[in-house]
Enquirer: 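First the structure, which I've put down as structure tokens, then a few questions once you've had a look.
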Amino acid sequence: MFKQVKLNYDFSALEPYIDTLTMKTHCEKHHATYTKNFNEAVEKSGLLGKSVEEILSSLSSVSDESLRDTLRNNGGGYYNHNLYFSIMSPKNKTKPSSALMEAIEREFGSLTNLIETLEKMAISQFGSGWAFLSADRDGRLYVTKSSNQNNPLMEEGRHTPILGIDVWEHAYYLQYKNLRGDYVKNFFEVLDWEKVSENYENSYKTK
Ligand code: MN
């Protein structure tokens, strides 16, 4: 059975950047529902025992269209939120590891440029969705956006997401109303680059 990632901080710990009610609702209602629906769909589809990464990267093998959509939406929701909640923290001023920094400078010139690219991607996603930083098997980095709960594991090439910014209104509307840009800028105040670096190193070491 798939479980929601355990937060190693309190719902109030990301104030003032992300408020307590948003965090509590997001975790206990939204993420909890994706997780419950995903577990039910996994059982129904006979995929018990597979990892979430395996399921999301082979959705085309599920022949029942409605079950496939349920797995895509709720499996994506389950996975993306585990990523999102685990890369935020109240720790101050974390930095990318030397391996990640090297890749960032090689491909984006600087950390500032990467952050600007991610912000633009998150702000320009029309409607509900995500912006991702992901890595391929050779450690190359990609910035992409996607609708709904889709993510780079489901796409051709299957890059592993190492950082995800939730731009569904439920992620910011209670606090920021229509100001998605302010939320996205403030997200970087609570982003834990140490955790993103760990994700980066795992994404290609394990392949
Ligand atoms: Mn969300």
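We count ligands from 1, going down the list as the structure has it; atoms in each ligand are counted the same way. Here, residue 1 is the first one in the sequence, and each next residue gets the next number.
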Enquirer: Decide, counting backbone as well as side-chain atoms, whether His170 has an N, O or S atom less than 2.8 Å from the Mn ion (ligand 1).
Expert: yes
Enquirer: Taking atom types as modelled and ignoring hydrogens, do the side chains of Glu201 and Ser97 form a donor-acceptor contact shorter than 3.5 angstrom?
Expert: yes
Enquirer: Which atom, among the N/O/S set of His81, is closest to the Mn ion (ligand 1)?
Expert: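 Relative to the Mn ion (ligand 1), the closest nitrogen, oxygen or sulfur of His81 carries the name NE2.
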Enquirer: Do you see a donor-acceptor pair shorter than 3.5 Å between the side chains of His30 and His81?
Expert: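 Judged by distance alone, the side chains do not pair up.
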Enquirer: Quick check: of its N, O or S atoms, which one does Asp166 have closest to the Mn ion (ligand 1)?
Expert: OD2
Enquirer: Kindly indicate, with the supporting measurements, whether the criterion side-chain contact (heavy atoms from CB on, under 4.5 Å) is fulfilled by Asn80 and Phe132.
Expert: CA-CA 10 Å; Asn80 294 342; Phe132 289 104; 3.6 Å; yes
Enquirer: Tyr78 and Tyr34: aromatic ring centres closer than 6.0 Å?
Expert: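 Tyr78 vs Tyr34: aromatic centres not under 6.0 Å.
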